[in-house]
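Here's the structure we're looking at; comments come further down.
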Amino acid sequence: MLSTNTRSLTLLFATSLALSIPALGFADELQFNMTEGVTSVSKEVYGLHMLIFYICCAIGVIVFGAMFYSMFMHRKSRGVEAANFHHSTSLEIVWTAIPFLILILMAIPATTTLKKIYDADDADIDILVTGYQWKWRYEYLGEDVSFFSVLKTPSTQIHNEEDKGKHYLLEVDEPLYIPINKKVRFLVTSSDVIHSWWVPPLAVKRDAIPGYTNAAWTRVEEPGVFRGQCAELCGKDHGFMPIEVHAVSESEFTAWLGKRKEEAAAIREAAKQTLTLEQLLSEGEKVYTKNCAACHQADGKGMPPTFPAIAGSPIADGERPIAEHFNRVLNGGQGMPPFGEQLTPVQAAAVITFQRNAFGNNTGDVVQPIDILKYKQGQ
Amino acid sequence: MAHGPAKGLSRWLFTTNHKDIGSMYLWFSFAMFFMGGIFALVIRAELFQPGLQIVEPDFFNQMTTMHGLVMVFGAVMPAFVGLANWMVPMMIGAPDMALPRMNNWSFWILPFAFALLASTLFMEGGAPNFGWTFYAPLSTTYASDTVTFFIFGVHIMGASSIMGAINIIATILNMRAPGMTLMKMPLFVWTWLITAYLLIAVMPVLAGVVTMMLMDIHFGTSFFDAAGGGDPVLFQHVFWFFGHPEVYIMILPAFGIVSAIIPTFARKPLFGYESMVYATASIAFLSFIVWAHHMFTVGIPLTGELVFMYATMLIAVPTGVKVFNWVTTMWKGAMTFETPMLFSIAFVILFTIGGFSGLMLAIAPADFQYHDTYFVVAHFHYVLVPGAIFSITAGVYYWLPKWSGKMYNEVMGKTHFWLAFIGLNVTFFPMHFSGLAGMPRRIPDYNPLWADWNMISSMGAFLFGAAQLLFLYNVVRTILSGKKATDQVWEGAEGLEWTVASPAPYHTFSTPPQVK
Ligand SMILES: [Cu+2]
């Protein structure tokens with residue numbers, strides 16, 4: 001009996017191992033532990049993780065050691081007689097007290113680190129992080145700089161029509177910039193469902209909850225690019241809203257921020273100009289692909305019943321007043337996210353013009369940025 | 001003793017016999033186990049490689065949600081109720097459950113609950129896609145209309161569980177044979193008594209939270225809608241006030257089963273019976289004051305975070321006591337390793353590993369890195385699969401000869417064990433690594449950094465699934481054509497259930513036995 005068992009066991013183990021070996025050759029680097037990260041907090045967290053892990057290993061060796069010894073020595077087939085003891089108060093006290101003491105020892109450093117994580121006061125820079133289905137928005141408080149950060153990986157890679165890049169699904173169009181050696185505070189919130197802003201190398205994970213603003217902070221010491229993802233299930237594209245943080249020197253950061261401010265001014269200027277239908281359509285198509293196609297699809301057919309079609313939609317094909325179209329796009333509602341904040345006036349005008357002149361919606365309507373501004377003011 | 005079961009379908013529809021109802025629960029749970037398993041295999045097939053290959057992200061979310069719901073409410077909980085139905089009366093020397101008609105009703109509403117839930121798969125809008133934890137507002141404002149079916153399904157399951165729990169408490173407290181004092185009850189009975197109280201305490205909370213969702217969705221309230229003055233975090237507090245005791249509901253009866261099996265095959269009495277009872281009670285108590293450890297990242301104030309961290313760490317103490325007791329029960333025994341024993345030993349080892357990762361998760365600062373990653377997925381599958389599923393499997397092999405009067409095929413049983421054991425570890429162990437390496441849970445596609453671990457996990461999952469077919473075959477074969485089993489079945493088995501014939505007669509203990 002025993003020998004057939006051992007033989008079948010060895011066989012099974014060998015086959016499953018053999019099956020796994022080709023798989024293991026797949027990636028060039030095989031990560032199996034938590035990252036140490038790049039901040040003093042992340043290193044402390046890593047330290048706690050390893051400490052508790054080693055404690056568990058030690059307990060495991062003792063408990064499983066005793067168990068395997070017993071399974072080997074105290075088996076009926078070796079002709080042993082079963083003992084009959086079933087109680088020992090002293091033993092029970094010992095193995096209640098020792099784990100208790102270990103836990104207290106463990107709780108002390110954990111408490112210290114937790115206090116540090118919670119101490120978000122006296123920050124040098126405040127960044128408001130807002131989760132949207134399915135992108136992040138970053139606003140540098142007091143700096144008049146804010147922008148959306150969206151997955152950059154092309155859908156051809158996702159649908160396996162093209163090789164996947166190294167940062168597949170972990171790359172964005174507009175990364176978040178922070179200066180090194182400064183205490184940066186993230187104020188995390190959400191505009192729709194719950195998301196969670198997580199960057200493993202910084203050991204920062206904070207839930208983005210509508211109606212709440214949660215604080216987290218970091219101080220990065222070395223420049224670098226750090227990547228993370230939304231960690232709380234937030235709907236269809238939960239797996240497709242990454243985070244990319246660029247930590248740069250202070251001078252680089254100031255330069256970047258200055259450039260951003262100029263761009264903001266330029267956008268305000270641009271809102272005053274009048275564009276041609278062609279300009280609006282070409283800009284509008286870009287905006288549509290980036291912001292709308294996830295739900296309404298590239299062909300405008302949507303995914304009914306959840307996401308309605310734009311093609312032939314009464315709101316977009318002129319059947320209903322154009323104000324409803326403005327309202328839907330700028331204010332959202334019933335599963336449609338509000339885009340009033342996300343799109344510049346030019347972009348909003350362009351995408352509305354595009355929707356009213358594409359997918360067979362031949363209204364010929366031209367919407368100018370100034371119309372958007374007027375609509376917003378009128379509200 | 002005069003009358004036996006009715007004939008045909010009416011036997012099953014109208015039965016009030018605890019054995020019939022127990023069997024129906026077990027078969028129902030077995031069916032749900034395969035259904036939930038198929039959902040899991042869809043998930044693992046999609047995750048076999050990076051990129052989207054098989055399903056769309058929204059359907060993927062439906063699969064993770066349905067897998068969780070079906071396994072928790074359809075497979076594990078009904079299986080334990082089934083085992084309780086069969087074994088509790090026989091273990092305490094009672095003729096049947098205290099409330100036999102309600103017993104029939106508790107079972108028969110379950111298929112309707114799951115038909116309601118599963119029917120959403122075929123509806124416009126699809127099945128629930130917001131995770132088995134169904135956090136608002138994803139499950140309210142942002143959910144498709146089918147969520148209402150889910151809510152009613154949960155209501156019915158809850159009603160079934162509450163009735164089952166009342167029945168078990170009434171039976172244990174009122175129908176024990178003369179001489180069967182509380183501290184003489186088998187541990188399975190004890191753990192179920194405590195579990196039943198947990199159920200009564202928390203199933204109404206679950207019903208409450210889904211009712212609040214229903215109000216938000218259909219009657220314009222804003223319990224969980226921040227825009228209306230509501231609070232999405234409130235949802236999580238209420239949900240986890242149910243959810244944490246729920247995970248103990250799924251493990252305490254498992255402790256009871258293993259505490260029956262290990263002494264039998266070690267041929268030695270259970271070590272520390274009393275401390276086992278007290279440990280179970282303390283775990284049950286602690287389970288009510290640790291819920292926010294599922295919410296360490298929602299921004300609870302520091303003091304709250306610390307209190308929940310300490311309370312959570314404390315659970316390790318009574319859980320440790322249990323593990324030490326099982327090991328000491330084996331110590332200096334005369335062990336044999338039949339299939340139930342193999343599953344029970346695997347339970348002790350793998351559940352302990354799940355306990356270790358639980359202890360790691362309790363450390364709040366570290367949890368900021370673990371939370372909502374595959375590390376958590378690995379953790380709860382280590383406590384649920386070798387915990388709940390293995391103990392149920394062990395229980396089925398252990399008591400099947402008593403139920404059916406036939407012996408299962410031991411070689412096939414052992415093969416099942418080894419395939420399941422290997423499959424389980426190949427599936428779930430790499431998830432620790434992918435999680436620590438930063439892979440979030442509930443995503444349909446991922447960076448190639450985690451490709452190797454996922455590929456291994458997927459292969460393990462298919463092996464594990466295939467192993468269960470062998471289990472099904474072995475059970476069916478036993479019932480149809482197994483070799484006759486003795487009344488004692490196992491050399492070292494003790495307890496009232498082994499004093500009756502195999503198969504157990506339709507009515508047992510019509511006259512109560514005298515317990516010394
Ligand atoms: Cu998200």
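Throughout, protein chains are lettered first and strands after them, A, B, ... in sequence-line order, and every chain is numbered starting at 1. Quick note: numbers below take in every heavy atom, side chains included, and nothing from hydrogens, waters or symmetry partners. Only a predicted model underlies this, so the values are computations on that prediction, with no experimental measurement involved.
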What's the separation between atom [atom1] in [X] and atom [atom2] in [Y], rounded to the nearest 0.5 Å?
{"X": "A:Ile93", "Y": "B:Ser275", "atom1": "CD1", "atom2": "OG", "result": "11.0 Å"}
{"X": "B:Asp452", "Y": "A:Gln31", "atom1": "CG", "atom2": "CD", "result": "12.0 Å"}
{"X": "A:Asn33", "Y": "B:His432", "atom1": "CG", "atom2": "NE2", "result": "12.0 Å"}
{"X": "A:Gln229", "Y": "B:Asn447", "atom1": "CD", "atom2": "CG", "result": "8.0 Å"}
{"X": "B:Met335", "Y": "A:Arg75", "atom1": "CE", "atom2": "CZ", "result": "8.0 Å"}
{"X": "B:Asp372", "Y": "A:His238", "atom1": "CG", "atom2": "NE2", "result": "7.0 Å"}

Need one label for [X]: side chain, backbone, both or neither, based on atoms under 4.5 Å from any heavy atom in chain B.
{"X": "A:Leu233", "value": "both"}
{"X": "A:Phe72", "value": "neither"}
{"X": "A:Cys234", "value": "backbone"}
{"X": "A:Ser191", "value": "backbone"}
{"X": "A:Ile117", "value": "side chain"}
{"X": "A:Ile55", "value": "neither"}
{"X": "A:Leu103", "value": "both"}
{"X": "A:Phe53", "value": "both"}

Quick one: what part of [X] sits under 4.5 Å from any heavy atom of chain A, side chain, backbone, both or neither?
{"X": "B:Asn129", "answer": "backbone"}
{"X": "B:Ala143", "answer": "neither"}
{"X": "B:Pro301", "answer": "backbone"}
{"X": "B:Met295", "answer": "neither"}
{"X": "B:Phe324", "answer": "both"}
{"X": "B:Ala279", "answer": "neither"}
{"X": "B:Phe337", "answer": "side chain"}
{"X": "B:Tyr310", "answer": "side chain"}
{"X": "B:Trp450", "answer": "side chain"}
{"X": "B:Tyr446", "answer": "backbone"}

Under a 4.5 Å cut-off applied to non-hydrogen side-chain atoms, are [X] and [Y] in contact?
{"X": "A:Lys205", "Y": "B:His371", "answer": "yes"}
{"X": "A:Val193", "Y": "B:Tyr135", "answer": "no"}
{"X": "A:Pro200", "Y": "B:Thr373", "answer": "no"}
{"X": "A:Gln133", "Y": "B:Leu138", "answer": "yes"}
{"X": "B:Phe271", "Y": "A:Glu92", "answer": "yes"}
{"X": "A:Phe85", "Y": "B:Trp331", "answer": "yes"}
{"X": "B:Glu491", "Y": "A:Lys76", "answer": "yes"}
{"X": "A:Tyr46", "Y": "B:Gln369", "answer": "no"}

Tell me, out of [options], who's got the most heavy-atom pairs with chain A below 4.5 Å.
{"options": "B:Met330, B:Arg441, B:Met439, B:Glu274", "answer": "B:Met330"}
{"options": "B:Ile443, B:Ile349, B:Thr336, B:Val327", "answer": "B:Ile349"}
{"options": "B:Val233, B:Thr352, B:Asp58, B:Asp145", "answer": "B:Val233"}
{"options": "B:Leu306, B:Asp367, B:Ile353", "answer": "B:Leu306"}
{"options": "B:Thr133, B:Thr141, B:Val321", "answer": "B:Val321"}

Heavy-atom pairs under 4.5 Å with chain B - which of [options] has more of them than the others?
{"options": "A:Ile98, A:Leu51, A:Leu170", "answer": "A:Leu170"}
{"options": "A:Gly239, A:Gly47, A:Cys56", "answer": "A:Cys56"}
{"options": "A:Thr153, A:Asp192, A:Thr89, A:Val188", "answer": "A:Asp192"}
{"options": "A:Ile209, A:Thr35, A:Asn160", "answer": "A:Asn160"}
{"options": "A:Glu44, A:Met106, A:Met303, A:Met71", "answer": "A:Met71"}
{"options": "A:Gly211, A:Ala66, A:Ala216", "answer": "A:Ala66"}

* Does the side chain to side chain contact (heavy atoms under 4.5 Å, CB included) test come out yes or no for A:Val63 and B:Val348, once each step is laid out? -> CA-CA 10 Å; A:Val63 173; B:Val348 176; 6.0 Å; no
Of all heavy-atom pairs between [X] and [Y], which one has the smallest distance, and what is that distance?
{"X": "B:Ile363", "Y": "A:Ala110", "value": "CG2-CB, 3.8 Å"}
{"X": "A:Phe240", "Y": "B:Pro444", "value": "CE1-CG, 4.0 Å"}
{"X": "B:Val298", "Y": "A:Asn214", "value": "O-ND2, 2.9 Å"}
{"X": "A:Val45", "Y": "B:Ala366", "value": "CG1-CA, 3.9 Å"}
{"X": "A:Ala82", "Y": "B:Ala334", "value": "CB-N, 3.8 Å"}
{"X": "A:Trp95", "Y": "B:Asn325", "value": "CZ2-OD1, 3.2 Å"}

* **Salt-bridge contact B:Lys332-A:Glu81 (side-chain N to carboxylate O under 4.0 Å)** => no
* So does A:Lys115 have more than 12 non-hydrogen atoms from other groups sitting under 6.0 Å from NZ? -> no
* Start with the C-alpha gap between A:Lys236 and B:Glu56, add the side-chain angles, then the distance that decides, and say whether salt bridge (charged side-chain N to carboxylate O under 4.0 Å, His left out) holds. => CA-CA 9 Å; A:Lys236 179 169 79 67; B:Glu56 287 300 312; over 6 Å; no
* Relative to the ring of B:Phe433, is the ring of A:Phe32 parallel (under 30°), tilted (30 to 60°) or perpendicular (over 60°)? -> perpendicular
* Asked: Can you find a side-chain donor-acceptor pair between B:Glu305 and A:Tyr118 that sits under 3.5 Å?
  -> yes
* **Flag for A:His87-B:Tyr273: side-chain donor and acceptor within less than 3.5 Å** => no
* To do: Could you tell me if the ring centre of B:Phe368 sits under 6.0 Å from that of A:Trp198?
  => no
